[in-house]
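Shown next, in structure tokens, is the structure this report addresses.
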Amino acid sequence: MNVHLSADDVRTPRAQAGPNPQHLLATLLGEYLDSSDADLPSAAVVAMLGEFGISESSARAALSRLTKRGLIAVRGSGRPPVYHLTPQAIARHRSRMDHFLGFGARPPRWTGDWVTVSFSIPQSGQALRHAVRKALGALGFVRLYDSVWIRPGSESGGVSRVLHDILDDVGDGRWSVMHTRFDEEAGPHGPAAAYDLAGLASAYEDFIAQYADLRTAVRDGEIDATRALVARTSVMDSWRKFPDVDPDLPEHLLPTPWPRQAARDLLLEIHSALGSLAEARLVQVATPHWSDAASWITHFQASEDFVSVPARRDC
């Protein structure tokens with residue numbers, strides 16, 4: 001049975017703490033493949049993940065899970081199975097790479113607008129309250145007060161539809177979506193207080209500390225192809241959580257100094273410098289199991305417009 005998914009329907013795995021073969025494989029596929037025509041043998045995937053210390057059983061489990069999520073699909077019915085990225089996943093990858101590499105490049109265009117959601121649920125509706133909070137969090141809202149949630153900007157997105165779906169049949173359940181401005185945006189009573197900006201700053205600083213030695217080694221030319229693949233993929237795997245958790249608030253609402261730019265500069269320096277070496281290593285690892293790996297494997301890099309572009313080799 002063929003299942004047709006739009007790009008928005010392709011579900012990428014959620015970030016987790018600690019080793020996550022599924023998340024790592026999604027990063028690898030997004031970073032180094034750019035065609036749904038490529039036949040990807042399962043043994044090649046096992047070898048790729050083996051570079052990161054992932055066991056064969058865990059690698060095959062990651063393949064199975066990404067297939068269920070619609071990120072990859074099995075081509076034909078041969079054994080061992082051959083996989084390929086779906087066209088929808090390619091579109092999703094490109095969008096996500098643009099998101100990752102472009103995030104923080106420019107300050108947000110700020111109008112002072114916020115989308116505010118207020119809701120009231122009967123005391124007995126604890127499960128419903130949890131469902132609403134989970135849905136709002138997934139849409140980028142944070143809790144300002146117990147039943148008042150906010151998101152910067154004027155785009156309300158699908159929040160009204162989500163609240164309709166959850167609360168329309170609930171007796172005494174009420175909700176409103178509003179576009180608001182705050183008289184005092186900064187300070188302990190303003191909207192920025194809803195965010196754990198200190199925790200986010202600490203996460204950026206930890207990222208910088210984690211990869212500072214790697215940047216020094218890159219500058220000194222000490223990273224060979226073997227190390228480049230793991231290093232470059234790991235730094236992107238660590239960075240990719242920030243665009244999803246950083247609300248990208250305007251500068252006047254952020255504590256100073258704000259470490260995001262320093263973290264982004266570090267990412268781009270390592271990512272750019274190690275791209276060709278990492279690609280070469282991935283080709284070397286995959287080729288024994290995938291004879292035309294060199295024809296399909298590429299790497300993404302940030303362009304001057306902060307949009308990701310696949311590197312092209314001279315033929």
Side-chain angles (χ1 to χ4, degrees), residues 14-15 17 96-117 133 136-146 148-157 178-219 231-232 234-274 301-308:
R14 297 174 182 172
R96 294 292 281 172
M97 287 303 299
D98 289 349
H99 184 50
F100 296 146
L101 293 176
F103 181 72
R106 301 181 181 90
R109 180 178 174 273
W110 187 243
T111 62
D113 295 315
W114 296 77
V115 180
T116 301
V117 172
R133 290 171 176 170
L136 291 175
L139 291 172
F141 286 84
V142 295
R143 184 169 60 182
L144 181 62
Y145 304 115
D146 186 45
V148 178
W149 289 59
I150 59 173
R151 185 174 73 184
S154 58
E155 177 55 53
S156 57
M178 300 162 281
H179 296 267
T180 59
R181 293 191 173 208
F182 290 82
D183 286 344
E184 296 183 12
E185 280 193 315
H189 304 293
Y195 297 90
D196 181 13
L197 295 178
L200 181 57
S202 179
Y204 277 124
E205 289 163 356
D206 289 346
F207 176 86
I208 294 169
Q210 181 179 356
Y211 293 106
D213 288 345
L214 174 60
R215 175 167 57 183
T216 299
V218 167
R219 290 175 174 176
R232 186 177 189 262
S234 296
V235 73
M236 175 56 79
D237 205 43
S238 296
W239 170 262
R240 60 185 284 170
K241 69 175 180 289
F242 289 114
D244 292 334
V245 300
D246 186 337
D248 200 17
L249 297 178
E251 186 176 357
H252 70 279
L253 295 182
L254 297 172
T256 54
W258 186 242
R260 183 177 70 190
Q261 188 59 50
R264 184 175 187 275
D265 289 346
L266 182 150
L267 163 80
L268 291 181
E269 182 175 350
I270 294 173
H271 191 266
S272 176
L274 298 184
Q301 55 195 14
S303 70
E304 292 182 359
D305 295 327
F306 304 110
V307 175
S308 64

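Because only heavy atoms are used, hydrogens play no part in the values below, and waters and symmetry mates are left out as well, while side chains stay in. Position 1 is the first residue of the sequence; numbering continues from there.
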In sequence, state the C-alpha distance, the side-chain angles, and the governing distance for Trp149 and Val115, and then conclude on side-chain contact (heavy atoms from CB on, under 4.5 Å). CA-CA 8 Å; Trp149 289 59; Val115 180; over 6 Å; no
Stepwise side-chain contact (heavy atoms from CB on, under 4.5 Å) check, Val142 with Arg151: CA-CA 7 Å; Val142 295; Arg151 185 174 73 184; over 6 Å; no
Start with the C-alpha distance between Tyr195 and Val245, add both sets of side-chain angles, then the distance that settles side-chain contact (heavy atoms from CB on, under 4.5 Å), and finish with yes or no. CA-CA 10 Å; Tyr195 297 90; Val245 300; over 6 Å; no
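By the 6.0 Å and 45° rule, Arg260 stacks over the aromatic ring of Phe103.
Taken to the nearest 0.5 Å, the CH2 atom of Trp110 stands 7.0 Å off from the CG atom of Leu249. Atom CG of Leu253 is separated from atom CG of Asp248 by 11.5 Å, given to the nearest 0.5 angstrom. Interatomic distance, OG of Ser202 versus CG of Leu197, reported as 12.5 Å (0.5 Å rounding). Expressed to the nearest 0.5 Å, how far CZ of Arg219 lies from CD1 of Ile270 amounts to 9.0 Å. Note that the CG atom of Leu200 and the CD atom of Glu205 stand 10.0 Å from one another [nearest 0.5 Å]. Note that CZ of Arg232 and NE2 of His271 are 3.5 Å apart. Values are rounded to the nearest 0.5 Å.
Classification of the Tyr204-Phe242 ring pair by plane angle, with boundaries at 30° and 60°, yields parallel.
The side-chain contact (heavy atoms from CB on, under 4.5 Å) check on Asp113 picks up Thr111, Ser154, Arg181, with sequence neighbours excluded.
Scanning both residues, Ser238 and Phe207, for their nearest heavy atoms gives CB-CE1, 3.9 Å. Of all non-hydrogen atoms in Pro247 and Pro152, the two that sit nearest each other are O-CG, 3.9 Å. Taking every heavy atom of both residues into account, Gly190 and Leu144 meet most closely at O-CD1, 4.0 Å. Residues His252 and Ala186 come closest through the heavy atom pair O-CB, 4.3 Å. Arg133 and Asp146 get closest at one heavy-atom pair: NH2-OD1, 2.7 Å. Closest approach of Pro259 and Ala201 over heavy atoms only: CG-O, 3.6 Å.
When only modelled atom types and interatomic distance are considered, Gln210 and Asp206 share no side-chain donor-acceptor pair under 3.5 Å.
Checked by atom type and distance alone, the side chain of Arg240 never pairs as donor or acceptor with a backbone atom of Asp244 at under 3.5 Å. With hydrogens and angles ignored, the 3.5 Å screen pairs no side-chain donor or acceptor of Trp114 with any backbone N or O of Phe182. Within the 3.5 Å criterion, the main-chain N or O of Glu269 finds no donor-acceptor partner in the side chain of Arg215.
More than 12 non-hydrogen atoms from other residues, nucleotides or ligands lie less than 6.0 angstrom from NE2 of His99.
At a threshold of 4.5 Å between non-hydrogen side-chain atoms, the residues Glu251 and Thr256 do not count as touching.
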